[in-house]
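Lettering follows sequence order; numbering is per chain, from 1.
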There are 2 protein chains.
Amino acid sequence: MELLRHAITAISPLSSESMNAYLSAWKHWSAPKDHFLLREQAVSDYIYFIEKGVARIFYYKNDKEITEWIAMDEQFFLSITSFFNRTPSHLIIHTIEPSEVYGIHHNDFMRLADQYHDVEKLLRKMVTGSLILSQIRMDSIQFETAQQRYDRLLKHSPQIIQRVPVSYIASFLGVTLETLSRIRSAK
Amino acid sequence: MELLRHAITAISPLSSESMNAYLSAWKHWSAPKDHFLLREQAVSDYIYFIEKGVARIFYYKNDKEITEWIAMDEQFFLSITSFFNRTPSHLIIHTIEPSEVYGIHHNDFMRLADQYHDVEKLLRKMVTGSLILSQIRMDSIQFETAQQRYDRLLKHSPQIIQRVPVSYIASFLGVTLETLSRIRSAK
DNA sequence: AGGTACATTTGATATATATCAAATAACGTT
DNA sequence: AACGTTATTTGATATATATCAAATGTACCT
């Protein structure tokens, strides 16, 4: 839980009272490699934090797996539309390595945000960070070639190639595995 | 200013004290048709609100105009990366009809968010709304064809076709004008 | 170690959209 | 109304990536 506390403080510091109330709202899950931490719930209204390991977050769209995110290294992640709109995303969390994952429920987060100004500010900063990432990703999908997106990923998280199967990376980058394979062999 | 007050309240209500402080931080611009309200500043760190008229928000990318947003009908808009990252976006606001536009500076908004819990909550809700839109748009760009994106726009804001030149709509949809022309003629 | 399932690569072809180029239409100005 | 300018349409071709199909490579299981 120390890493979670630290990650929160890095985004926006909380008073000790807020921090205690907030941290106690987080639940913890532990999973071995290749395990389904969350499986097609109706609505996935949690914000997650991965303390250790690697997890793939995906859903089915027309019977195809869409990798929405690959989480590792003390990252927060969530299914944005599901979390905020309360619409079903059928989110699935699948561990790629033995992993420790935390999650806080939408209702708990909102209740605490109403109660504490600094928790509200934390939430705002988390959403803002998510928005900036969303914009960068949109720009990347709209204007960059598959090659450029792959290069960007390599530069930004080089370890991902060693730890995650190519097929997941392809879906995450928004290309087919065949295309990614060709990009990689052209190097 | 009444429409702005109303739009704010619809997102998240403010106490009368917060509302007074907040509204007085907004500036107002008035412009005839085909006028440049904002021209390539270094950083565009305002959130805008269009009270009346239509405005196009765009920037240059490799000497090409990219229409980031077409604002009308009492909508808020902003250059997300520029506003939150404080990086230059060279944003240009160009009116397509005579327009009344309001704007609040990043610094003022942040100062008031620190001061009033309900302003912080308003900001969080605005960012959240923006994030949801960003996700919908990304999904649309990644998985829908140009035809589907055009249909979606028609359904969502049918008036836009009458009021905005095709070339701007094309750029907003992320296609060339030739492609949009063909889509339209195939109907 | 051998076999089976799965992951990755390689090849041939199809498709949506961009690009380049030209023709036509609409629009504003005097 | 006629002119030049700008917007839109139409046509021919190029390109990135998807799709379908098969071959090769790798890893897990008893």
Side-chain angles (χ1 to χ4, degrees), chain A residues 32-36 54 56 58 60-67 70 92 94-98 137-154 159-187, chain B residues 32-36 54-56 58 60-67 70 92 94-98 137-154 160-187:
Chain A
K33 184 183 165 147
D34 281 322
H35 193 261
F36 288 89
V54 182
R56 176 174 69 115
F58 69 100
Y60 285 97
K61 181 162 195 146
N62 308 326
D63 296 326
K64 276 188 190 166
E65 289 188 359
I66 306 292
T67 298
I70 294 166
I92 303 168
H94 172 228
T95 59
I96 291 169
E97 294 178 2
R137 206 167 169 201
M138 178 155 68
D139 196 84
S140 178
I141 287 169
Q142 189 168 10
F143 299 114
E144 292 182 338
T145 64
Q147 172 82 64
Q148 289 171 318
R149 267 175 278 153
Y150 179 70
D151 291 345
R152 168 192 293 279
L153 182 69
L154 265 194
Q159 352 77 299
I160 215 168
I161 309 301
Q162 273 75 52
R163 295 164 78 180
V164 180
V166 176
S167 61
Y168 300 161
I169 293 172
S171 170
F172 178 56
L173 289 174
V175 293
T176 58
L177 40 156
E178 293 95 330
T179 295
L180 182 55
S181 174
R182 281 181 247 266
I183 287 168
R184 281 156 61 81
S185 69
K187 276 285 157 114
Chain B
K33 184 183 165 147
D34 280 319
H35 193 260
F36 288 89
V54 182
R56 177 173 69 116
F58 69 101
Y60 286 96
K61 182 164 193 142
N62 307 325
D63 295 327
K64 275 189 191 168
E65 289 187 1
I66 305 293
T67 297
I70 294 166
I92 303 167
H94 171 230
T95 59
I96 291 169
E97 294 178 2
R137 204 164 172 205
M138 177 156 66
D139 196 84
S140 178
I141 286 168
Q142 189 168 10
F143 299 114
E144 292 181 338
T145 63
Q147 173 82 63
Q148 289 171 318
R149 267 174 277 153
Y150 179 70
D151 292 346
R152 169 192 293 277
L153 182 69
L154 265 193
I160 216 169
I161 310 301
Q162 273 75 50
R163 295 164 78 179
V164 180
V166 176
S167 62
Y168 300 161
I169 293 172
S171 170
F172 178 56
L173 289 174
V175 293
T176 59
L177 39 158
E178 294 95 329
T179 296
L180 183 55
S181 174
R182 282 181 245 267
I183 286 167
R184 282 157 61 81
S185 69
K187 274 284 157 117

Enquirer: Considering residues at least two apart in sequence or located in another chain, which fulfil the side-chain hydrogen bond (donor to acceptor under 3.5 Å, both in side chains) criterion with A/N62?
Expert: none
Enquirer: For the residue pair A/H94 and A/F58, categorise the inter-ring angle as parallel (less than 30°), tilted (30 to 60°) or perpendicular (more than 60°).
Expert: perpendicular
Enquirer: Walk along nucleotides 11-29 of chain C from 5' to 3' and tag each nucleotide B, S or - by protein heavy-atom contact under 4.0 Å, base first, then sugar-phosphate.
Expert: BB----SSBBB--------
Enquirer: May I ask you to test the B/T145-B/Q148 pair for a side-chain heavy-atom distance under 4.5 Å?
Expert: yes
Enquirer: For the pair B/Y60 and B/I66, evaluate side chain to side chain contact (heavy atoms under 4.5 Å, CB included) and give the outcome as yes or no after the intermediate values.
Expert: CA-CA 6 Å; B/Y60 286 96; B/I66 305 293; over 6 Å; no
Enquirer: Under 3.5 Å, which protein N or O atoms sit close to an N or O of nucleotides 5-8 of chain C? Give each pair with its distance.
Expert:
{"unit_1": "C/dT8", "atom_1": "OP1", "unit_2": "A/V166", "atom_2": "N", "d": "3.4"}
{"unit_1": "C/dT8", "atom_1": "OP2", "unit_2": "A/S167", "atom_2": "N", "d": "3.4"}

Enquirer: Could you pull out all residues at least two apart from B/D63 that satisfy side-chain hydrogen bond (donor to acceptor under 3.5 Å, both in side chains)?
Expert: none
Enquirer: List for me each residue that meets side-chain hydrogen bond (donor to acceptor under 3.5 Å, both in side chains) alongside B/S181, sequence neighbours excluded, and say none if there are none.
Expert: none
Enquirer: Ignoring hydrogens and angles, write down the donor-acceptor pairs under 3.5 Å from the side chains of residues 161-173 of chain A, residues two or more places apart or on other chains.
Expert:
{"unit_1": "A/R163", "atom_1": "NE", "unit_2": "A/E97", "atom_2": "OE2", "d": "2.7"}
{"unit_1": "A/R163", "atom_1": "NH2", "unit_2": "A/E97", "atom_2": "OE1", "d": "3.0"}
{"unit_1": "A/S171", "atom_1": "OG", "unit_2": "A/T67", "atom_2": "N", "d": "2.8"}
{"unit_1": "A/S171", "atom_1": "OG", "unit_2": "A/T67", "atom_2": "OG1", "d": "3.4"}

